[in-house]
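Some notes on the structure that comes next.
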Amino acid sequence: MITTDYLVIGSGIAGLTFAVKMAEQFPEKKVLIVTKSNEEESNTKYAQGGIAIVLNEKEDSFEQHIQDTLIAGDGLCDQDVVTMVVKEGPKRFNELVTWGTHFDTNTNGHFNLGKEGGHSQYRVAHHKDCTGYEIETALLNRIHQLSNITTLSQHFALDLITTANICHGAYIINQNNHTVITVQASATLLCTGGIGTIYGHTTNPSIATGDGIAMAIRAQATIADMEFIQFHPTVLHEKSEGASFLISEAVRGFGAYLRNQNGDRFMLGYDARAELASRDIVSRCIDNELKKEGHTHVFLDCTHLDLFAFKKHFPTIYEKCLAIGIDITTDWIPVVPAAHYICGGINVDQNGQTSIKNLFACGECTRTGLHGANRLASNSLLEALVYAHNTFTYLSTILDTSTVTITLRSSDISLRQEQVSSTLITTYRQQLQELMHRTVGIIRTTAELVHTKTQIEQWIMLIDHMYSQTQFNLDLAELRNMLYVSLAIVKQSLARKHNKGGFFNTDNESLTSFSKAI
Ligand code: FAD
Ligand code: SIN
């Protein structure tokens with residue numbers, strides 16, 4: 001058993017930012033970070049476009065960023081939250097700079113700001129096309145300097161420890177020797193990120209299995225807006241399976257065109273903002289183009305762009321394309337939408353407090369009300385920074401961090417002998433991914449959702465039983481979590497009777513109504 005003041009589960013931007021702030025402010029308090037892979041592995045590490053932030057108040061304004069966020073969210077954002085996040089943004093961004101994150105600047109020394117879908121202004125601060133890597137590296141460097149932070153990598157959080165709607169910590173398994181550590185904490189912060197892996201075809205790395213949301217579901221925390229899955233419109237179309245390489249929306253902000261197989265700039269026929277309409281709309285239009293002709297992908301045309309400037313802003317994308325034989329000066333890039341982000345998750349208030357006492361959550365695993373039915377591009381890193389600060393402030397000023405002595409049941413998982421077949425787990429995982437991709441994607445129907453719900457419920461019974469009888473197996477634990485999260489997405493999809501943002505059920509509204517041009 002370990003006792004700590006703050007248990008942080010996850011080492012992306014949300015968890016690391018909270019840990020740095022807490023540890024800097026309270027050198028006498030202990031912060032424990034547990035993370036299931038290497039400490040840098042996270043969705044954060046792969047973020048490309050940047051952070052949406054109002055830095056140039058001459059040309060931009062808080063009001064415009066607020067309006068763009070509300071429009072993208074299709075009427076379901078919480079306006080107070082949007083206002084708070086947008087206005088807090090610049091302060092939090094400056095802290096990130098203080099901790100050593102470098103953002104691109106112009107020759108005049110001002111930040112070079114990019115543009116992405118749904119933004120009416122240039123406001124996305126970035127580090128080339130690898131902003132997330134730069135942030136993750138800077139935050140980890142700062143973490144390593146703070147002696148009151150302990151980081152345990154290759155440690156998987158199994159479940160929260162709760163009694164009477166109070167969280168006391170979590171069961172953590174050391175993946176190297178399979179011993180279970182009971183961590184008792186005054187406050188536990190879930191920062192476990194996204195869920196993309198449940199779709200198979202995703203921009204997310206394989207760690208994105210929705211573990212924190214699944215743990216919260218099992219602990220009976222409130223979760224909301226799970227039906228709003230964001231599909232990124234421009235993911236490199238490659239034959240190989242698994243995590244897919246993103247072609248940042250900032251490339252369209254830089255002037256790239258979307259073309260169908262006939263070479264037409266089809267977005268002009270759907271939305272006045274063309275390629276820079278919000279992500280939900282662009283993905284749905286691409287999906288429609290593909291279904292019309294039965295094609296597998298459309299194209300991103302960069303051939304008219306300034307190559308020198310392109311290489312400077314997007315070196316990773318340029319090199320990746322070149323490595324697979326695509327010369328962006330002459331070739332169009334084949335792209336297709338893929339699962340990218342979950343707008344919903346664990347319900348939190350503006351302090352990051354969940355519906356369970358002493359359990360907080362931050363980052364992509366949460367539902368704050370910022371994104372509504374569709375997240376505005378580059379608002380996710382911003383949200384994580386602002387909420388990590390809010391939770392830090394709240395816990396610093398309000399919570400009594402003395403630990404209550406409770407009797408904790410120890411987990412028997414490390415005592416079990418029986419092993420589970422890895423082929424079996426892989427088979428179920430692939431079947432789940434195929435089912436979610438086919439029936440809970442950009443366009444859904446009630447009949448398919450009902451069938452999918454029944455199927456997932458059956459799998460949960462089976463996998464829960466297997467999980468309770470066998471030795472710890474990371475893939476099995478993740479599969480179990482993926483199933484809980486998938487079921488929540490399906491149930492909340494069935495409950496939604498009006499299409500909004502990234503959610504479209506053809507039984508609510510015919511497909512022809514989503515755009516003037518179809
Ligand atoms: P993550 O960064 O995903 O971190 C989650 C952490 O939790 C990881 O360390 C993981 O290992 C750990 N974890 C998970 N489960 C467990 C468990 N059971 N036990 C222990 N540890 C666990 N957003 C933007 O705003 N701008 C962008 O430009 C942008 N580009 C993106 C590009 C790509 C390719 C992707 C995938 C996402 C992008 N996003 C972008 C979204 C953004 O990166 C994420 O939403 C954000 O980084 C999430 O941060 P987080 O800290 O909540 O989670
Ligand atoms: C991108 O660079 O296109 C991703 C931005 C985001 O997800 O906010």
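Heavy atoms only: backbone and side chains are in, while hydrogens, waters and symmetry mates are out.
- For the atom pair CG of Leu268 and CG of Leu258, the computed distance is 10.0 Å after rounding to the nearest 0.5 Å.
- With hydrogens and angles ignored, the 3.5 Å screen pairs no side-chain donor or acceptor of Ser493 with any backbone N or O of Lys491.
- With 3.5 Å as the limit, one finds no donor-acceptor pair spanning the side chains of Asp211 and Thr192.
- Under a 4.0 Å N-O distance rule, the pair Glu478/Lys36 qualifies as a salt bridge.
- In plain terms, the two heavy atoms of Val235 and Ser244 that are nearest each other are CG1-CB, 3.2 Å.
- Taking the side chain as every heavy atom from C-beta outward, Met226 and Ile213 approach each other to under 4.5 Å.
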key: CA sep, side-chain torsions, deciding dist, call: Thr368, Tyr387, side chain to side chain contact (heavy atoms under 4.5 Å, CB included)   = CA-CA 9 Å; Thr368 62; Tyr387 272 81; 3.5 Å; yes
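- No side-chain heavy atom of Ile172 sits less than 4.5 Å from a side-chain heavy atom of Leu152.
- A pairwise comparison of heavy atoms in Cys343 and Gly372 identifies CB-O, 3.9 Å as the closest pair.
- Under the 6.0 Å distance and 45° angle rule, Arg284 does not count as a cation-pi partner of Phe504.
- Between the side chains of Asn505 and Thr446, a donor-acceptor pair is found at a separation under 3.5 Å.
- At a cut-off of 3.5 Å, with distance as the only test, no side-chain donor of Asp280 or Gln230 sits close to an acceptor on the other residue.
- In this view, Lys91 and Glu88 satisfy the salt bridge (Lys or Arg N to Asp or Glu O under 4.0 Å) rule, not counting sequence neighbours.
- Expressed to the nearest 0.5 Å, how far CG of Asn351 lies from SG of Cys362 amounts to 11.5 Å.
- Using a distance-only test at 3.5 Å, with no hydrogens or angles considered, a donor-acceptor pair links the side chain of Ser61 to the main chain of Gln64.
- A distance-only check finds a donor-acceptor pair linking the side chain of Lys497 to the backbone of Leu494 [under 3.5 Å].
- A heavy-atom distance below 4.5 Å is found between the side chains of Ile456 and Met436.
- Across all non-hydrogen atoms, the minimal contact from Gly502 to Phe228 is N-CD2, 4.4 Å.
- Across all non-hydrogen atoms, the minimal contact from Val124 to Ser378 is CG1-OG, 3.6 Å.
- Using the six-membered ring where Trp is involved, Phe392 and His389 have ring planes that are tilted, between 30° and 60° apart.
- For the residue pair Gln67 and Glu63, a side-chain donor N or O sits within less than 3.5 Å of a side-chain acceptor on the partner.
- In this structure, Gln353 has no side-chain hydrogen bond (donor to acceptor under 3.5 Å, both in side chains) partners at least two apart in sequence or on a different chain.
- Atom-to-atom distance recorded for Asn43:CG and Ile342:CD1 is 11.5 Å, nearest 0.5 angstrom.
- Side-chain atoms of Thr439 never come within 3.5 Å of backbone atoms of Thr452 as a donor-acceptor pair (strictly under, hydrogens ignored).
- The pair Arg279-Glu116 meets the salt-bridge criterion, with a side-chain N (NZ, NE, NH1 or NH2) lying under 4.0 Å from an Asp/Glu carboxylate O.
- Atom CD of Gln220 has 12 or fewer neighbouring heavy atoms from other residues, nucleotides or ligands inside a 6.0 Å radius.
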ask   = Where do Phe503 and Asp74 land on the side chain to side chain contact (heavy atoms under 4.5 Å, CB included) test, with the steps shown first?
value = CA-CA 10 Å; Phe503 175 81; Asp74 204 7; over 6 Å; no
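- For Gln431, the side-chain contact (heavy atoms from CB on, under 4.5 Å) partners are Thr427, Tyr428, Trp459, not counting sequence neighbours.
- Residues Phe156 and Leu474 form a side-chain contact, since some pair of their non-hydrogen atoms from C-beta on lies under 4.5 Å apart.
- You'll find the side chain of Asn358 stays beyond 4.5 Å of the side chain of His168, heavy atoms only.
- Under the 30°/60° scheme for interplanar angles, the aromatic rings of His297 and His237 are found to lie parallel.
- No side-chain donor-acceptor contact under 3.5 Å links Thr44 to the backbone of Glu136.
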task = Kindly determine whether Ile223 and Gln492 satisfy side chain to side chain contact (heavy atoms under 4.5 Å, CB included), including the steps that lead there.
result = CA-CA 10 Å; Ile223 57 160; Gln492 296 195 1; 3.9 Å; yes
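- The aromatic rings of Tyr6 and Phe18 sit perpendicular to each other, their planes meeting at more than 60°, with 30° as the lower class boundary.
- At distances below 3.5 Å, not a single donor-acceptor pair connects side-chain atoms of Thr162 with backbone N or O atoms of Asn165.
- Nearest heavy-atom pair, Ala52 versus Ala377, reported as atom, atom and distance to 0.1 Å: CB-O, 4.0 Å.
- Distance OG1/Thr151 to CG/Leu32: 8.0 Å, rounded to 0.5 Å.
- For Thr101 and His127, the side-chain atoms include no donor-acceptor pair closer than 3.5 Å.
- Judged by distance alone, the side chains of Gln48 and Tyr133 never bring a donor and an acceptor atom under 3.5 Å apart.
- Within the 4.5 Å cutoff, the side chain of Asn379 has heavy atoms near those of the His65 side chain.
- Under the salt bridge (Lys or Arg N to Asp or Glu O under 4.0 Å) criterion, Glu95 pairs with Lys21, Arg92, sequence neighbours left out.
- Taking CG of Leu55 as the start and CZ of Phe103 as the end, the distance is 9.0 Å to the nearest 0.5 Å.
- Closest heavy-atom contact between Val282 and Ala277: CG2-O, 3.4 Å.
- A donor and an acceptor atom, one from each side chain of Asp129 and Thr316, are located under 3.5 Å apart.
- To the nearest 0.5 Å, the span separating NZ on Lys291 from CD1 on Ile442 amounts to 7.0 Å.
- In this structure a side-chain-to-backbone donor-acceptor pair under 3.5 Å is present from Asn204 to Gly196.
- The pair Arg444-Glu448 does not count as a salt bridge, with every side-chain nitrogen at least 4.0 angstrom from each carboxylate oxygen.
- Shown here are the ring pair (Phe, Tyr, Trp, His ring centres under 6.0 Å) partners of His155, two or more places apart in sequence or in another chain: there are none.
- The backbone N or O of Ala224 lies less than 3.5 Å from no partner atom in the side chain of Asn347, so there is not a single donor-acceptor pair.
- At a threshold of 4.5 Å between non-hydrogen side-chain atoms, the residues Lys115 and Phe254 do not count as touching.
- Without hydrogens or angle criteria, Asn38 side chain to Glu40 main chain gives no donor-acceptor distance under 3.5 Å.
- No donor-acceptor pair under 3.5 Å is formed between the side chain of Thr366 and the backbone N or O of Ala361.
- The closest side-chain heavy-atom distance from Ile195 to Ile489 is below 4.5 Å.
- Note on ring orientation: taking the six-membered ring where Trp is involved, the planes of Tyr199 and Phe231 are perpendicular (angle over 60°, cut-offs 30° and 60°).
- Considering only residues two or more places apart in sequence or on other chains, Asp475 meets the salt bridge (Lys or Arg N to Asp or Glu O under 4.0 Å) condition with none of them.
- For His340 and Thr203, the side-chain atoms include at least one donor-acceptor pair closer than 3.5 Å.
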task = Would you please test Met84 and Asn390 for side chain to side chain contact (heavy atoms under 4.5 Å, CB included) and show each step?
result = CA-CA 10 Å; Met84 180 276 289; Asn390 287 6; 3.4 Å; yes
